[in-house]
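These notes concern the structure reproduced below.
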2 protein chains.
Amino acid sequence: MALSHAIMTALLDEELSGYDLMRKFETSLGFFWAASHQQIYQELKGLAAKGWLAATPVPQEGRPDKIHYALTEQGRDALAAWMHEESRVKPGKDDLFVKLYNIGHGDPEPVIAELQQRKVLHGQRLALYEKIRDRHYRNPETLSDARKGIYLALSAGIRQERMFLDWCGEALALLSQLGSDQTK
Amino acid sequence: MALSHAIMTALLDEELSGYDLMRKFETSLGFFWAASHQQIYQELKGLAAKGWLAATPVPQEGRPDKIHYALTEQGRDALAAWMHEESRVKPGKDDLFVKLYNIGHGDPEPVIAELQQRKVLHGQRLALYEKIRDRHYRNPETLSDARKGIYLALSAGIRQERMFLDWCGEALALLSQLGSDQTK
DNA sequence: GATTGATATGCAAGTTATTGCATATGCCGT
DNA sequence: ACGGCATATGCAATAACTTGCATATCAATC
């Protein structure tokens, strides 16, 4: 249950609403942690009930009222304690790899098509991440401690996208041969 | 629900028991799809009930009886149809990246320690995967279609491990500076 | 004028995955 | 003799996550 800790981490320096958090998870945090708005709102309630977050309703005009969440002392302590626990890793899951295992037993076309889509997708993401790095994280050594951590997460994202992009190239090259000398 | 399809893919060429599958998921298939034995046994029951797998009890002496599962015609059809569906991707989740975001607000020691562990882990995995590649997948172009797919999955694994290993190096280099000029 | 999209939060039901336990036998080492 | 490990399958409870729906207002677009 580390979604709670990801949320608390996002609240280290600023108060945010569920909606704000949702957008954070769609962009920066989302590079390595996916969460839907339903999950976030539920988790926020749970964390507030536990006393790790403090909820403050913020009335608004012209748009729906929102609720600001802030880290409490207890929340900070819990987060600090969590830093000493062993990290949990859930490897990703991707149908495409299962399909690759399957490719000898049927039409390889859909897999090739998907690989081409992925190549485009990862190319776009790579460009985006590199843009962010070039704008805000030019010289990693000179960054503040907090920003060094963020830079490293970004760097992992960049490396991953580039890796996947290269691999798409290899896969398409190898499978195009296969596509051509197959009878079907 | 693509675990079912991963299982069926493993049964394309051979009958296997739940236990056999479990070991496959711990090794080769496990490179990109994680599943516990509880999940596998449950899924097998479901697939047999659906008619996609045929279960055959195999009495044994000296050890517990087992159940062999084989793909049925229906199962093959379902798998072929699934190949045309859009792939689902679940990105992985890793506490370590959340902790990196957190690193400006406390003791960076545990994160550095974990990075060192990861470096070793990914180094070992990389060596293992490369050994397999060098033994069985030397010349990708000359492989059969089915094995080309498996080679590509392996190649992705190798690239990922190498990428992560390199990144660990970058992270440790950057964070060692941080560790030294911090007062605490 | 009507649809779409952004803002903002939430319930309910279902699926998927994890954790912990349970059983039963045989082999291997000490 | 006894503990631990491999073989082999499974149940039950909980946690985590997805899917579909619901509400309400304002701004912008067609």
Side-chain angles (χ1 to χ4, degrees), chain A residues 1-7 15-27 29-30 32-50 53 55-69 82 85-95 98, chain B residues 1-8 15-27 29-30 32-50 53 55-69 85-95 98:
Chain A
M1 194 155 62
L3 170 58
S4 50
H5 297 93
I7 288 173
E15 286 191 13
L16 295 171
S17 69
Y19 196 78
D20 297 331
L21 281 163
M22 185 197 78
R23 276 181 307 189
K24 271 219 165 189
F25 274 90
E26 273 170 4
T27 56
L29 272 174
F32 54 89
W33 205 282
S36 62
H37 84 265
Q38 291 92 337
Q39 247 186 298
I40 292 167
Y41 284 119
Q42 223 173 312
E43 200 66 45
L44 283 170
K45 277 201 165 183
L47 289 170
K50 252 190 194 169
L53 296 183
T56 317
V58 179
Q60 293 193 120
E61 278 172 35
R63 51 181 64 183
D65 296 348
K66 59 181 176 178
I67 303 169
H68 268 185
Y69 289 92
W82 173 77
E85 285 176 29
E86 205 184 352
S87 290
R88 290 186 174 198
V89 186
K90 271 199 209 184
K93 293 183 180 179
D94 190 338
D95 286 356
V98 180
Chain B
M1 195 155 58
L3 170 58
S4 49
H5 297 94
I7 288 172
M8 288 193 288
E15 286 191 14
L16 295 172
S17 70
Y19 196 77
D20 296 332
L21 281 163
M22 183 197 80
R23 276 181 307 188
K24 271 219 163 188
F25 274 92
E26 272 170 4
T27 56
L29 271 174
F32 55 88
W33 204 282
S36 62
H37 84 266
Q38 292 91 338
Q39 247 185 299
I40 292 167
Y41 284 118
Q42 224 173 312
E43 201 66 45
L44 283 170
K45 278 201 163 182
L47 288 170
K50 253 189 192 169
L53 296 184
T56 316
V58 178
Q60 292 193 121
E61 278 172 35
R63 51 181 62 182
D65 297 348
K66 58 181 176 177
I67 303 169
H68 268 184
Y69 289 92
E85 286 176 28
E86 204 183 353
S87 291
R88 289 185 173 198
V89 187
K90 271 197 208 182
K93 293 183 177 179
D94 191 337
D95 286 356
V98 179

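Proteins come first, then strands; the chains are lettered A, B, ... in the order of their sequence lines, and each starts at number 1.
With rounding to whole Å, A:H68 atom NE2 is found 8 Å from C:dA8 atom P. Between the CG atom of B:D65 and the P atom of D:dT7 there is a distance of 16 Å, given to the nearest Å. As rounded to whole Å, 14 Å separates atom P of C:dA8 from atom CD1 of A:I40. Taking atom CG of residue B:L16 and atom P of nucleotide D:dT7, one finds them 14 Å apart after rounding to whole Å. Rounded to whole angstrom, the span from the CD atom of B:Q38 across to the C1' atom of C:dG20 amounts to 9 Å. Taking atom CE of B:M22 as the reference point, atom P of D:dT7 lies 7 Å away to the nearest angstrom. When the P atom of D:dT9 is taken as reference, atom NZ of B:K45 falls 11 Å away, rounded to whole Å. Summarising the geometry, the separation between OH on B:Y19 and C1' on D:dG10 is reported as 14 Å, rounded to the nearest angstrom.
Between A:R63 and C:dA8 there is a side-chain N or O to OP1 or OP2 distance below 4.0 Å. Regarding contacts with the backbone of D:dG10, every side-chain N or O of B:Y41 stays at 4.0 angstrom or more from both OP1 and OP2. The side chain of A:R88 contributes an N or O atom lying less than 4.0 Å from OP1 or OP2 of C:dT19. OP1 or OP2 of C:dT9 sits under 4.0 Å from a side-chain N or O of A:S17. Contact annotation: B:R23 reaches the phosphate of D:dT7 (side-chain N/O to OP1 or OP2, under 4.0 Å).
Among D:dA8, C:dA17, D:dC17, the nucleotide with an atom closest to any side-chain atom of B:Q39 is C:dA17. Listed candidates were D:dG10, C:dT18, D:dA8. Nearest to the side chain of A:K90 is C:dT18. Taking only side-chain atoms of A:K93, from C-beta outward, the nucleotide of D:dT19, C:dT25, C:dA17 with the closest atom is C:dA17. Residue A:S36 places its side chain closer to D:dT18 than to any other of D:dG10, C:dA17, D:dT18.
Side-chain atoms of B:Q42 and B:K45, non-hydrogen and from C-beta on, never get closer than 4.5 Å to each other.
For the atom pair A:I7 CD1 and A:E43 CD, the distance stands at 5.0 Å (nearest 0.5 Å). Distance check: A:D65 CG to A:S17 OG gives 11.5 Å after rounding to the nearest 0.5 Å.
Crowding of B:E86 atom CD: a count of heavy atoms from other residues, nucleotides or ligands under 6.0 Å not exceeding 12.
Each of B:Q38, B:Q39, B:H37 was compared with B:M22 under the side-chain contact (heavy atoms from CB on, under 4.5 Å) criterion, and only B:H37 meets it.
In the interface, the side chain of B:Q60 is not paired with the base of C:dG26 through any donor and acceptor atom under 3.5 Å apart.
Sequence order on DNA chain D of the closest nucleotides to B:Q42 and A:H37 puts B:Q42 first from the 5' end.
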